[in-house]
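Excluded from the calculations below are hydrogen atoms, water molecules and symmetry mates; all remaining heavy atoms, backbone and side chain alike, are included. The structure displayed is predicted, hence computed values, not measured ones.
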Amino acid sequence: MLKGVLEGCVLALIRDGAGTIYGYELVQQLKAAGFTTIVGGTVYPLLQKLEKNDLITGSMKKSPEGPDRKYFTLTTAGQRALADFTEQWQQLEQKVNRLMGVED
(Lines give C-alpha, C1' and ligand atoms only; values in the text may rest on other atoms or scores of the structure.)
Protein backbone atom coordinates (compact mmCIF):
# COMPACT_ATOMS: atom_id res chain seq x y z
CA MET A 1 0.00 0.00 0.00
CA LEU A 2 2.83 2.42 0.82
CA LYS A 3 4.24 1.96 -2.69
CA GLY A 4 1.18 3.50 -4.35
CA VAL A 5 0.91 6.19 -1.69
CA LEU A 6 4.58 7.05 -2.08
CA GLU A 7 4.15 7.39 -5.85
CA GLY A 8 1.27 9.84 -5.34
CA CYS A 9 3.27 11.81 -2.77
CA VAL A 10 6.28 12.03 -5.10
CA LEU A 11 4.06 13.25 -7.93
CA ALA A 12 2.60 15.91 -5.62
CA LEU A 13 6.04 17.07 -4.51
CA ILE A 14 7.20 17.28 -8.13
CA ARG A 15 4.09 19.28 -9.01
CA ASP A 16 4.72 21.63 -6.10
CA GLY A 17 8.39 21.94 -7.07
CA ALA A 18 7.36 23.12 -10.55
CA GLY A 19 10.56 21.96 -12.23
CA THR A 20 12.88 22.96 -9.44
CA ILE A 21 13.07 19.73 -7.47
CA TYR A 22 15.65 16.98 -7.75
CA GLY A 23 16.01 13.49 -6.23
CA TYR A 24 17.86 14.30 -3.01
CA GLU A 25 15.53 17.20 -2.31
CA LEU A 26 12.55 14.88 -2.81
CA VAL A 27 13.95 12.47 -0.22
CA GLN A 28 14.47 15.33 2.24
CA GLN A 29 10.95 16.66 1.73
CA LEU A 30 9.45 13.18 2.19
CA LYS A 31 11.38 12.80 5.45
CA ALA A 32 10.22 16.23 6.60
CA ALA A 33 6.63 15.14 5.85
CA GLY A 34 7.00 12.17 8.20
CA PHE A 35 8.25 9.43 5.86
CA THR A 36 11.31 9.05 8.05
CA THR A 37 12.36 5.63 6.77
CA ILE A 38 12.45 6.69 3.10
CA VAL A 39 15.90 6.53 1.50
CA GLY A 40 17.31 7.39 -1.89
CA GLY A 41 17.40 3.69 -2.75
CA THR A 42 13.60 3.76 -2.64
CA VAL A 43 13.00 7.10 -4.35
CA TYR A 44 15.46 6.94 -7.25
CA PRO A 45 14.06 3.71 -8.77
CA LEU A 46 10.57 5.19 -8.37
CA LEU A 47 11.67 8.32 -10.25
CA GLN A 48 13.07 6.13 -13.03
CA LYS A 49 9.78 4.23 -13.23
CA LEU A 50 7.74 7.45 -13.32
CA GLU A 51 9.98 8.82 -16.06
CA LYS A 52 9.82 5.57 -18.06
CA ASN A 53 6.00 5.70 -17.82
CA ASP A 54 6.02 9.32 -19.07
CA LEU A 55 4.52 10.68 -15.86
CA ILE A 56 7.52 12.94 -15.24
CA THR A 57 10.37 14.35 -17.28
CA GLY A 58 13.86 15.04 -16.06
CA SER A 59 16.34 17.59 -17.26
CA MET A 60 19.93 18.07 -16.24
CA LYS A 61 20.83 21.50 -14.92
CA LYS A 62 23.95 23.04 -13.47
CA SER A 63 24.18 22.88 -9.70
CA PRO A 64 25.56 25.78 -7.69
CA GLU A 65 27.43 23.13 -5.70
CA GLY A 66 28.87 19.92 -7.08
CA PRO A 67 27.78 17.96 -10.15
CA ASP A 68 24.80 18.72 -12.39
CA ARG A 69 21.41 17.70 -11.01
CA LYS A 70 18.40 16.13 -12.68
CA TYR A 71 15.30 18.24 -12.02
CA PHE A 72 11.84 16.81 -12.52
CA THR A 73 8.52 18.13 -13.80
CA LEU A 74 5.13 16.49 -14.29
CA THR A 75 3.92 15.65 -17.75
CA THR A 76 0.28 15.96 -18.73
CA ALA A 77 -0.07 12.23 -18.03
CA GLY A 78 1.56 12.79 -14.64
CA GLN A 79 -0.94 15.52 -13.83
CA ARG A 80 -3.78 13.12 -14.68
CA ALA A 81 -2.18 10.34 -12.62
CA LEU A 82 -1.89 12.71 -9.65
CA ALA A 83 -5.53 13.76 -10.03
CA ASP A 84 -6.57 10.08 -10.13
CA PHE A 85 -4.45 9.33 -7.06
CA THR A 86 -5.96 12.28 -5.18
CA GLU A 87 -9.49 11.12 -5.97
CA GLN A 88 -8.74 7.52 -4.95
CA TRP A 89 -7.02 8.70 -1.76
CA GLN A 90 -10.02 10.84 -0.77
CA GLN A 91 -12.39 7.93 -1.35
CA LEU A 92 -10.18 5.60 0.70
CA GLU A 93 -9.86 8.17 3.47
CA GLN A 94 -13.65 8.53 3.69
CA LYS A 95 -14.15 4.75 3.89
CA VAL A 96 -11.47 4.28 6.56
CA ASN A 97 -12.80 7.22 8.57
CA ARG A 98 -16.30 5.70 8.50
CA LEU A 99 -14.96 2.38 9.73
CA MET A 100 -12.94 4.09 12.47
CA GLY A 101 -15.88 6.26 13.56
CA VAL A 102 -14.15 9.48 12.63
CA GLU A 103 -16.45 12.35 11.64
CA ASP A 104 -15.89 14.12 8.31
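Met60 and Ile21 are not part of a single hydrophobic cluster, where members link through side-chain heavy atoms under 4.5 Å apart. Val39 and Tyr24 are not part of a single hydrophobic cluster, where members link through side-chain heavy atoms under 4.5 Å apart. Hydrophobic clustering, with ILVMFWY side chains joined whenever heavy atoms are under 4.5 angstrom apart, groups Val96 together with Val102.
How far CD of Glu87 is from CG of Asp84: 6.5 Å, rounded to the nearest 0.5 Å. Rounding to the nearest 0.5 Å places CD1 of Ile56 at 5.0 Å from CG of Leu50. With rounding to the nearest 0.5 angstrom, the CG atom of Leu26 is 8.0 Å from the OH atom of Tyr44. Between the CG atom in Asp68 and the OH atom in Tyr22 there is a gap of 12.5 Å [rounded to 0.5 Å].
Listed for the Thr75 side chain is a donor-acceptor partner under 3.5 Å among the backbone atoms of Asp54. Remark: side-chain polar atoms of Glu51 are paired, donor with acceptor, to backbone N or O of Gly58 under 3.5 angstrom. Panel note: side chain Thr42, backbone Ile38; no donor-acceptor pair is recorded below 3.5 Å.
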Trace of the side-chain contact (heavy atoms from CB on, under 4.5 Å) decision for Leu47 with Phe72: CA-CA 9 Å; Leu47 289 170; Phe72 297 97; 3.7 Å; yes
Val27/Phe35 under side-chain contact (heavy atoms from CB on, under 4.5 Å): CA gap, chis, key distance, verdict: CA-CA 9 Å; Val27 172; Phe35 292 90; over 6 Å; no
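Contact between Gly40 and Pro45 at its shortest, heavy atoms only, is O-CD, 3.8 Å. Nearest heavy atom pair, residue Leu82 against residue Arg15, reads CD2-NH1, 3.3 Å. When all heavy atoms of Leu30 and Cys9 are compared, the pair lying nearest together is CD2-CB, 4.1 Å. Residues Leu55 and Ala81 share a closest heavy-atom pair of CD2-CB, 4.0 Å.
Under the salt bridge (Lys or Arg N to Asp or Glu O under 4.0 Å) criterion, Glu25 pairs with no residue, sequence neighbours left out.
In this structure, Glu93 does not pair ionically with Arg98, as no charged nitrogen and carboxylate oxygen lie closer than 4.0 Å.
Annotation: cation-pi pair Lys61/Tyr71 present, NZ/CZ under 6.0 Å from the ring centroid and within 45° of its normal.
The shortest side-chain heavy-atom distance between Lys62 and Arg69 does not fall under the 4.5 Å cut-off.
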